[in-house]
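Written out below as C-alpha cells is the structure these notes cover.
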Amino acid sequence: MKKIVFATNNKHKLEEIRKITNGTLQILSLLDIHCTEEIEENGVTLEENALLKARFVKEKYGYDCFADDTGLEVEALDGAPGVYSARYAGEACNPVDNMRKLLTVLQGVENRNARFRTVIALLIDGEEHLFEGIVKGKIIEEKRGKAGFGYDPVFMPDEYKQTFAELGNEVKNQISHRALATRKLAVFLSDR
C-alpha cells in the first residue's frame, strides 16, 4: 500500500480524509513523521497555501505529500473569509469566534450564497498536481447541529435542508468539498 503524508495535524481533517479514501492509501500525518514545526501559511490563495505546506514536507522530510487548504467563500462578502477562513475573527480565534463574526457581518444581508472550496496540492515523483472540490450552499442565520467542525453548523449545502453539522459525518464525507477534491486525488493516485 502506498504511503503518503497528509501535511496536517488537524485530527478532524485527517479522520475525514482517511474515511474518504477508505483504506486505499496509508495516510501519515505530520505527527507520524515527527514534524512538529508550524508550517507557515502566508499565501494569498488556497492553492498557494496548499503548495507551501506540501513543498515544506517534501523538501524537509522527503516524503511524497499532499496538503490542502479550504476556504468558505461568501458571495455577499466578495469571497471572504476565503483563504482567511480559519482566522477570520483574528489570529487567536476559534471556530465559534469565526462563526459568530460571520453571522454578525451577514445580519440583514439577503444574499447568503456561499461555497466551500478545497484545494489539494500533491507532490509526487517530482511533479506537482492540484485538485479542487467545491460545494455550493447558503449561510443560515443561526448555528444548527453538533457534528463536523469549523463553519459546518452554519453552512447548508444546496439541495439539502440540513447543515453539514446536522447531516453528520457519513453524509458530509460523501458530498463535501474535501470529499470531491480527495476523490479526484484518489483516482489520480490509483491510475499511477
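In what follows, every heavy atom counts, from backbone to side chain, and hydrogens, waters and symmetry copies are set aside. The residues of the chain are indexed from 1 along the displayed sequence.
Using a 4.0 Å cut-off between charged side-chain N and carboxylate O, E37 and K60 make a salt bridge. With salt bridges taken as basic N to acidic carboxylate O contacts below 4.0 Å, one links E15 and K19.
Of all heavy-atom pairs spanning K101 and A89, the tightest one is CD-CA, 3.9 Å. Looking at every heavy atom in both residues, G133 comes nearest to A181 through N-CB, 3.6 Å. Annotation for G150 and P95: closest pair CA-CB, 4.1 Å, computed over non-hydrogen atoms. Of all non-hydrogen atoms in A67 and A50, the two that sit nearest each other are CB-O, 3.4 Å. A121 approaches A54 most closely through the heavy-atom pair O-CB, 4.0 Å. Minimum interatomic distance between M156 and K161 (heavy atoms only, all atoms of both residues): CE-O, 3.7 Å.
Not a single donor-acceptor pair under 3.5 Å links the side chain of D69 to the backbone N or O of E48. Between the side chain of R178 and the backbone N or O of I17 there is no donor-acceptor pair closer than 3.5 Å. Looking only at distances, a side-chain donor or acceptor of S85 sits under 3.5 Å from a matching main-chain atom of L72. The main-chain N or O of E170 is never found under 3.5 Å from a side-chain atom of N173 such that the two would form a donor-acceptor pair. At least one donor-acceptor pair closer than 3.5 Å links the side chain of R183 to the backbone N or O of Q174. Judged purely by atom type and a 3.5 angstrom limit, R112 uses its side chain to pair as donor or acceptor with the backbone of L106. Side chain of D125 to main chain of E127: no donor-acceptor pair is present (N/O by atom type, distance under 3.5 Å, no hydrogens or angles). Checking side-chain atoms of N49 against main-chain N and O of G43 turns up a donor-acceptor pair under 3.5 Å. Between the side chain of N98 and the main chain of Y88, a donor-acceptor pair closer than 3.5 Å is present.
Between F155 and T163 there is no side-chain heavy-atom pair separated by less than 4.5 Å. Side-chain contact check for L52 versus E41: every heavy-atom pair is 4.5 Å or farther apart. Counting heavy atoms from C-beta on, the side chains of R117 and L46 come closer than 4.5 Å. Using a 4.5 Å heavy-atom threshold, the side chains of Y151 and L102 count as touching. Between I124 and H129 the shortest side-chain heavy-atom distance falls below 4.5 Å. Side-chain contact between P157 and I175: present, with at least one pair of heavy atoms (C-beta onward) separated by less than 4.5 Å. For the pair K53 and I39, the minimum side-chain heavy-atom distance is below 4.5 Å. N111 places none of its side-chain heavy atoms less than 4.5 Å from the side chain of V74.
Remark: K184 NZ is packed, more than 12 non-hydrogen atoms of other residues, nucleotides or ligands lying under 6.0 Å away. Remark: K143 NZ is loosely packed, at most 12 non-hydrogen atoms of other residues, nucleotides or ligands lying under 6.0 Å away. Heavy atoms from other residues, nucleotides or ligands lying under 6.0 Å from CG of L31 number 12 at most. Crowding of D78 atom CG: a count of heavy atoms from other residues, nucleotides or ligands under 6.0 Å not exceeding 12. The environment of CD in E110 is sparse: at most 12 heavy-atom neighbours from other residues, nucleotides or ligands sit within 6.0 Å.
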Would you sort out whether L122 and I4 count as a side chain to side chain contact (heavy atoms under 4.5 Å, CB included), showing the intermediate values? CA-CA 10 Å; L122 169 68; I4 193 162; 3.5 Å; yes
Apply side chain to side chain contact (heavy atoms under 4.5 Å, CB included) to residues V5 and I27 and explain how you reach the verdict. CA-CA 6 Å; V5 173; I27 299 173; over 6 Å; no
Show your working on side chain to side chain contact (heavy atoms under 4.5 Å, CB included) between V57 and I33 and close with a plain yes or no. CA-CA 9 Å; V57 170; I33 63 166; 4.0 Å; yes
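Grouping the Ile, Leu, Val, Met, Phe, Trp and Tyr side chains by contacts below 4.5 angstrom, directly or via other members, places F131 apart from V119. M99 and V83 sit in two unconnected hydrophobic clusters of ILVMFWY residues. Membership requires side-chain heavy atoms under 4.5 Å apart, directly or through other members. Residues L28 and Y61 are members of one and the same hydrophobic cluster, defined by side-chain heavy-atom contacts under 4.5 angstrom among Ile, Leu, Val, Met, Phe, Trp and Tyr. Cluster membership for L30 and L14, using ILVMFWY side-chain heavy atoms within less than 4.5 angstrom, is not shared. Y63 is connected to F56 through a chain of hydrophobic side-chain contacts under 4.5 Å among Ile, Leu, Val, Met, Phe, Trp and Tyr, so both are in one cluster.
A distance of 5.0 Å separates CG of L51 from CG of L130, quoted to the nearest 0.5 Å. Distance CG/L185 to CG/D68: 10.5 Å, rounded to 0.5 Å. Expressed to the nearest 0.5 Å, how far SG of C65 lies from CD of E59 amounts to 11.0 Å.
Using cut-offs of 30° and 60° for the angle between ring planes, the F164 and F116 rings count as parallel. In this structure, F66 and F6 have parallel ring planes: the angle between them is below the 30° cut-off, well short of the 60° mark.
Between T118 and the options L180, T182, V135, T70, a side chain to side chain contact (heavy atoms under 4.5 Å, CB included) holds for only T70. Of the candidates H177, E75, E73, R115 forms a side-chain hydrogen bond (donor to acceptor under 3.5 Å, both in side chains) with just one, namely E73.
Among residues two or more places apart in sequence or in another chain, the side-chain hydrogen bond (donor to acceptor under 3.5 Å, both in side chains) test is passed with E128 by R55.
With no hydrogens or angles considered, no side-chain donor-acceptor pair links K136 and N113 at under 3.5 Å.
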